[in-house]
Number of protein chains: 2
Amino acid sequence: MAKKAGPRAKAGEQAGAARGEERIRQRNEKAILRAATTLFAKKGFDGTRATEIAERAGLPKANLYYYFNTKEEIYRAAIRHLIAGWDKALRHIRADADPFEALEAYVREKLDYARKNADESRMFANEIISGAPFLSRADRKHMHDITLEKTLIIEQWVAEGRMRPVNPRHLFIVLWSTTQFYTNFEKITCDTLEKPRLSPSDYEDAARTIVETVLRGLRPGKASSDP
Amino acid sequence: MAKKAGPRAKAGEQAGAARGEERIRQRNEKAILRAATTLFAKKGFDGTRATEIAERAGLPKANLYYYFNTKEEIYRAAIRHLIAGWDKALRHIRADADPFEALEAYVREKLDYARKNADESRMFANEIISGAPFLSRADRKHMHDITLEKTLIIEQWVAEGRMRPVNPRHLFIVLWSTTQFYTNFEKITCDTLEKPRLSPSDYEDAARTIVETVLRGLRPGKASSDP
DNA sequence: GTCTATAGACAGATAGAC
DNA sequence: GTCTATCTGTCTATAGAC
């Protein structure tokens with residue numbers, strides 16, 4: 001605790017030593033989080049051994065406990081990092097945008113994010129399926145608030161007659177489910193599409209399907225009511 | 001192994017005793033599978049302790065190993081039981097049915113099945129996210145074959161002009177994702193809908209949203225091409 | 001068919017030399 | 001900042017009395 005910067009540290013050398021330690025710390029923490037995310041995605045919290053995280057991160061196990069106090073602390077850090085990434089795709093949904101251009105851009109960015117951050121996506125899915133035991137109240141409030149903000153925009157679009165009436169909360173649920181399924185349940189998707197793994201062009205097909213089914217159903221008809 | 005039917009068993013009593021044991025066996029195996037499904041759903045395979053299964057099933061732990069040889073055997077039995085249940089909802093999809101009545105009936109039965117078998121649904125989701133390590137080749141082939149059978153029907157409907165063109169495999173993926181999300185990710189859904197838990201009427205809203213977005217987008221337009 | 005006791009392996013976490 | 005050795009507890013699975 002008190003022992004820092006090595007035995008030969010004197011006043012004046014501490015800043016330089018601290019910077020060096022900081023670099024190592026950042027590199028190692030990143031390696032730990034990366035390794036942990038992959039394992040937590042595959043096996044969940046209880047199923048992931050601290051030893052496995054250490055091996056995959058290329059560090060001795062004891063070092064995990066130097067950078068993080070508990071396995072839970074590693075898990076929570078990974079969740080926080082993921083949630084920070086979720087928000088970005090929602091930026092397309094702005095009141096002044098064209099509803100269908102905005103929603104299509106959102107769908108495409110969401111699919112892309114999941115594809116490029118597959119382990120994080122799966123880890124989060126695992127966390128929710130397990131009953132969200134580690135998702136903090138603050139994280140849940142944040143996700144709730146940003147969703148609410150976007151539902152108001154959908155409601156505005158509906159009120160303006162630019163979209164057919166739809167429950168915006170359920171619409172978001174449908175969009176989340178479809179944009180995450182391909183990555184989270186990749187094994188099923190691969191079996192269904194008869195491919196060993198998913199390529200970008202499969203994600204392009206996914207985007208097209210979502211746009212032509214989910215979103216197309218929301219375009220206002222020329223005859224504004226329906227059979 | 002050889003010791004059966006208790007000490008006082010004589011020739012002629014064995015059949016009766018065997019029936020009695022059979023009843024106990026069925027009851028206990030069911031209790032074990034039920035308890036295991038709930039726990040596997042929450043914590044995955046590695047995260048679930050045999051002791052917990054036993055406690056929840058109301059049996060001493062050693063009895064688990066009397067009915068099943070390993071924890072994996074329990075897990076596989078639960079998976080098999082679940083897959084047997086998946087097929088039912090697909091029966092609505094018949095070539096001679098109306099496409100939209102058939103698909104709506106499928107969606108509603110699928111949502112209903114997930115709602116009433118939440119633990120099984122979540123356990124299966126957990127298994128796939130984890131990379132499907134225990135899903136047997138035979139199970140995957142079965143799921144693939146039944147899906148293929150139904151995609152042919154969708155293709156026929158499209159060819160007949162009763163539905164807009166769509167990749168049937170992707171359509172099934174979209175329908176699976178939306179009908180399972182509400183149950184598998186119930187925590188997120190509850191936060192989004194601002195409810196402590198999901199009621200049947202929330203599932204009714206879900207069905208309506210899926211029908212009015214996904215399926216509505218597939219109805220052939222009066223003008224058969226599109227902007 | 002039930003249950004106690006325990007073997008044997010391995011987990012998370014820590015102490016302290018370097 | 002790294003790493004060996006180890007503490008303490010828990011796990012799956014089994015042996016064997018009842």
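Chain naming here is simple, since letters A, B, ... match the order of the sequence lines and numbering starts at 1 in each.
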ask   = Of all of residues 71-81 of chain A, which get a heavy atom below 4.0 angstrom from DNA chain D, listed by number?
value = none
ask   = Does the distance from a Lys or Arg side-chain N to an Asp or Glu carboxylate O, for A:Lys187 and A:Asp191, drop under 4.0 Å?
value = no
inquiry  = I need the residues from residues 38-57 of chain B with at least one non-hydrogen atom less than 4.0 Å from DNA chain D; give them sorted by number, or say none.
reply    = B:Thr48, B:Arg49, B:Ala50, B:Thr51
ask   = Salt-bridged, A:Glu52 to A:Arg56, with N to O below 4.0 Å?
value = no
ask   = For A:Tyr65 and C:dA13, is the shortest distance between a side-chain N/O and OP1 or OP2 below 4.0 Å?
value = yes
key: Spacing of B:Lys61 atom NZ relative to D:dA15 atom C1', expressed in whole Å   = 13 Å
remark   = In whole angstroms, the gap separating P of C:dA15 from CG of A:Asn69 amounts to 12 Å
request  = Find the distance A:Phe68:CZ to D:dT2:C1' and express it as a whole number of Å.
outcome  = 17 Å
key: Test: B:Lys150 cationic atom under 6.0 Å from B:Phe172 six-membered ring centre, within 45° of axis   = no
query = Could you state the OH-C1' distance from B:Tyr67 to D:dA13, rounded to the nearest angstrom?
reply = 18 Å
message = Of the options C:dA15, D:dT14, C:dT2, whose atoms approach the side-chain atoms of B:Ala62 most closely?
response = D:dT14
key: Lys/Arg-Asp/Glu bridge criterion (N-O < 4.0 Å) met for A:Glu55, A:Lys61   = no
request  = Report yes or no: do B:Glu194 and A:His144 form a side-chain donor-acceptor pair below 3.5 Å?
outcome  = yes
query = So does B:Asn28 get a side-chain nitrogen or oxygen closer than 4.0 Å to the phosphate oxygens (OP1/OP2) of C:dT2?
reply = yes
request  = Rounded off to whole Å, could you give me the CG-to-C1' distance for the B:Asn63 and C:dC3 pair?
outcome  = 7 Å
Test ring pair (Phe, Tyr, Trp, His ring centres under 6.0 Å) applied to A:Phe185 and B:Trp176, step by step = CA-CA 11 Å; A:Phe185 302 98; B:Trp176 293 335; over 10 Å; no
task = Starting from C1' on C:dA17, measure out to OH on A:Tyr66 and report it in whole angstrom.
result = 16 Å
inquiry  = One thing to verify: whether B:Arg80 and B:Asp139 come together as a salt bridge, which I'm taking to mean a side-chain N less than 4.0 angstrom from a carboxylate O.
reply    = no
inquiry  = Taking the six-membered ring for Trp, are B:His170 and A:Tyr182 closer than 6.0 Å centroid to centroid?
reply    = yes
No-hydrogen, no-angle side-chain donor-acceptor test under 3.5 Å, A:Tyr203 and A:Thr183 = yes
